[in-house]
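Proteins get letters first, then strands, A, B, ... in listed order; numbering begins at 1 in each.
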Protein chains: 2
Amino acid sequence: MAQKDTAKSILNAAEELFSERGFAETSLRNITSKASVNLAAVNYHFGSKKELIQAVFARFLTPFCADLDGSLEEFEARLGDQTPQLADLLRLLAENSLAAGKGNPRRVGIFMRLLGLAYSQEQGHLRKFLRKEYGAVFARFMSLVTAASPELDDQERFWRIHFMLGATVFTLSGVESLTAMAEHDLGVSTGIEGVIDRLVPFLSSGFQAPHQG
Amino acid sequence: MAQKDTAKSILNAAEELFSERGFAETSLRNITSKASVNLAAVNYHFGSKKELIQAVFARFLTPFCADLDGSLEEFEARLGDQTPQLADLLRLLAENSLAAGKGNPRRVGIFMRLLGLAYSQEQGHLRKFLRKEYGAVFARFMSLVTAASPELDDQERFWRIHFMLGATVFTLSGVESLTAMAEHDLGVSTGIEGVIDRLVPFLSSGFQAPHQG
DNA sequence: AAATGTTTGAAACATACGTTTCAAACAGCG
DNA sequence: CGCTGTTTGAAACGTATGTTTCAAACATTT
């Protein structure tokens, strides 16, 4: 049983360290010593650091996207030819995200931070990998968002989608330090579910703001 | 005249490379070869890589924050004891940001990306530096935002501010690739001013969304 | 139990990094 | 000009990185 434990320990350590410090700032020696395995084990099990990075994403995204695709299937079926509601789509996404990190609520924040890093750091291989591997589910979700906002022209919708994406990635990325800050300054504590509960109305309202042509 | 040119060339190259690839992924050799100066010039003029990073931020933020502080002074005076409007505050911030990158519109995007990196990468020294150096202006702006939203409780306001921050940083960070994407997919091109014109209504509407207590 | 294929451990490898050194080139000024 | 302090250039330094090597340990099958 110690066989798979090595690879899994490496993934666990890498996931956490990458999300805390970025990819280039995290050395294989950092990872292997946190995971209590030998340095060579990374190259043995994953081939290279690049492939380790991709494996970290794959371990989270593959089941997540499969589940999301199922949820979308069901959502579309239940919808028939009705117009979807944006808030429902956001809720669906939120439910799936929370479910993906079940057992460990920190996982969602960690992963949002990783996604942010994937786009802010120069990891060309990662972007290609993500698009190739998970682009289809993303496109399916987006076409539902389009159906949910027939009043917007393509340009306005394009930008508002990215405004929503930014608000979400940014706040959920930093959800740990932000909740700590809120607790320190305001004396209240909220879990990630609480943040999402506040985020959805914000996004819905912004996305459906009056369109000044 | 070649004296100050060396330091300035280094700052220009560093600003661009840091924003493209992050801090750790950009080596001093990358910077000095892009700037066409000797490697040792960085340590001579700035002391260390850390101090170079801080100098890049200082060159942009020091004049920006001074101008912003002036604008806020004027805004508060003009306001008297009226309640400020959030949209006006956002517009004021946008005007100052655009003015800071006058001559080079790319500059705003570059700098947003740098600010994003400052918070997403593990650069503890940078966060301390920024807070110490520019925290006061930030706090002044925030207290106006608080005055502009008396209907929100502290917690809701706290989160909505960060939602706005996220949408802004994320979209303006990637404004170059996003406008390219919009042009490719939708056949239209918008400058950063156009993006900000779309962003402000989105943020205002989200920030003032009905508060479900 | 023996043999085989898989996984680990300790060490070395080549390379790239930030930083330092020190002599040469340059500036401004008496 | 000759001098002094500042800036540059080429090379080296020490350290840390990703990767490779190869023998030892292990697990699995016959």
Contact under 4.0 Å: [X] side-chain N or O vs [N] OP1/OP2:
{"X": "S27(B)", "N": "dC17(C)", "result": "yes"}
{"X": "H45(B)", "N": "dT6(D)", "result": "no"}
{"X": "T6(B)", "N": "dT8(D)", "result": "yes"}

K50(A) or L39(B): which one's nearest nucleotide on DNA chain D is closer to the 5' end?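 Looking at the nearest nucleotide for each, L39(B) comes out on the 5' side.
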Using 30° and 60° as the class limits, which term best fits the ring planes of F23(B) and F57(B): parallel, tilted or perpendicular?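 The rings of F23(B) and F57(B) sit tilted, inter-plane angle from 30° to 60°.
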Name the orientation class of the two ring planes belonging to F111(B) and F60(B) (parallel below 30°, tilted from 30 to 60°, perpendicular beyond 60°).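 Aromatic pair F111(B)/F60(B) classed parallel.
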Between the side chains of S27(B) and N30(B), is a donor N or O closer than 3.5 angstrom to an acceptor N or O?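 Checked: S27(B)/N30(B) side chains pair up, N/O donor to acceptor below 3.5 Å.
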Nearest whole Å is fine: how far is [N] [atom2] from [X] [atom1]?
{"X": "F46(B)", "N": "dT8(D)", "atom1": "CZ", "atom2": "C1'", "result": "15 Å"}
{"X": "Y44(B)", "N": "dG18(C)", "atom1": "OH", "atom2": "C1'", "result": "19 Å"}
{"X": "H125(A)", "N": "dG18(D)", "atom1": "NE2", "atom2": "C1'", "result": "13 Å"}
{"X": "L28(A)", "N": "dT17(D)", "atom1": "CG", "atom2": "C1'", "result": "8 Å"}
{"X": "I53(A)", "N": "dG18(D)", "atom1": "CD1", "atom2": "C1'", "result": "12 Å"}
{"X": "K49(A)", "N": "dT15(C)", "atom1": "NZ", "atom2": "C1'", "result": "15 Å"}
{"X": "R21(B)", "N": "dA16(C)", "atom1": "CZ", "atom2": "P", "result": "14 Å"}
{"X": "I31(B)", "N": "dA16(C)", "atom1": "CD1", "atom2": "C1'", "result": "15 Å"}

Exercise: identify the closest heavy-atom pair between M164(A) and L203(A):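 Heavy-atom minimum between the residues: CA-CD2, 3.7 Å.
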Mind checking if T26(B) touches a base, just sugar-phosphate, or nothing, with heavy atoms under 4.0 Å?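 Counting heavy atoms under 4.0 Å across all strands, the contact made by T26(B) is with sugar-phosphate only.
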Checking side chain to side chain contact (heavy atoms under 4.5 Å, CB included) against I192(B), which of V175(B), T179(B), D197(B), T171(B) comes through?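 Of V175(B), T179(B), D197(B), T171(B), side chain to side chain contact (heavy atoms under 4.5 Å, CB included) with I192(B) is met by V175(B) alone.
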Go nucleotide by nucleotide along DNA chain C from the 5' end; which of R29(B) and A40(A) gets its closest nucleotide reached first?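 Whichever sits nearer the 5' end wins; that is A40(A).
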Return whichever of N38(A) or N43(B) has its heavy-atom-nearest nucleotide of DNA chain C closer to the 5' end.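 Taking each residue's closest nucleotide, the earlier one in sequence belongs to N38(A).
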